[in-house]
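Please read the structure below before turning to the comments.
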Amino acid sequence: MTISSVSSASSAAYTSSSTTDTAALEKQKAKLEADLDKVKSSKDDEKTKETKSKQLEQQIKQIEAQIARKSQNSSSSPASGNLAPPDKPAGGNTLVAASTQEIATATTDSAGRFDIRV
């Protein structure tokens with residue numbers, strides 16, 4: 001039963017890490033929004049304000065996208081203890097390790113993956 005307690009502890013650590021990352025992104029977004037307000041109220045010429053504003057708005061959009069991805073990943077990823085074991089091969093066939101001879105004669109396919117015919 002110690003496995004489940006370790007599993008739940010690592011799951012909790014992952015969640016808090018994700019939350020910390022999101023909080024850091026939110027903080028960065030707030031800073032960029034404050035910088036944007038400063039640029040808009042600055043005494044720079046309109047062209048300079050527009051250029052700086054566009055850059056800051058682009059950075060804010062990127063951070064918002066990162067936050068959305070992190071919240072989507074944390075809500076859709078299952079807890080590590082809830083994973084089901086893989087299905088067994090059909091027909092009662094079990095997987096067997098390749099022999100040294102089979103490994104020695106293995107080839108690779110066009111994608112560089114090993115192709116061992118047993």
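FYI, side chains are in, hydrogens and waters are out, and symmetry mates aren't considered; it's all heavy atoms of this structure.
A salt bridge is defined here as a Lys NZ or Arg NE, NH1 or NH2 lying under 4.0 Å from an Asp or Glu carboxylate O, and E57 with K61 fails to meet this definition.
Atom-to-atom distance recorded for K70:NZ and I63:CD1 is 12.0 Å, nearest 0.5 angstrom. Taking CG from D44 and NZ from K38, the interatomic distance works out to 13.5 Å, rounded to the nearest 0.5 Å. We find the CD-OG distance between Q66 and S71 to be 12.0 Å, quoted to the nearest 0.5 Å.
Applying the 6.0 Å contact sphere to NZ of K49 captures more than 12 heavy atoms from other residues, nucleotides or ligands.
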Could you list the donor-acceptor pairs under 3.5 angstrom formed between side-chain atoms of residues 23-36 and any protein atom two or more places apart in sequence or on another chain?
residue, atom, partner, partner atom, Å
K29, NZ, E64, OE2, 3.2
K31, NZ, D35, OD2, 3.2

| task | Start with the C-alpha distance between Q55 and Q59, add both sets of side-chain angles, then the distance that settles side chain to side chain contact (heavy atoms under 4.5 Å, CB included), and finish with yes or no. | result | CA-CA 6 Å; Q55 289 174 344; Q59 290 175 343; 5.6 Å; no

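Every residue two or more places apart in sequence or in another chain was checked for a salt bridge (charged side-chain N to carboxylate O under 4.0 Å, His left out) with K47, and none qualifies. With sequence neighbours excluded, no residue satisfies side-chain contact (heavy atoms from CB on, under 4.5 Å) with D37.
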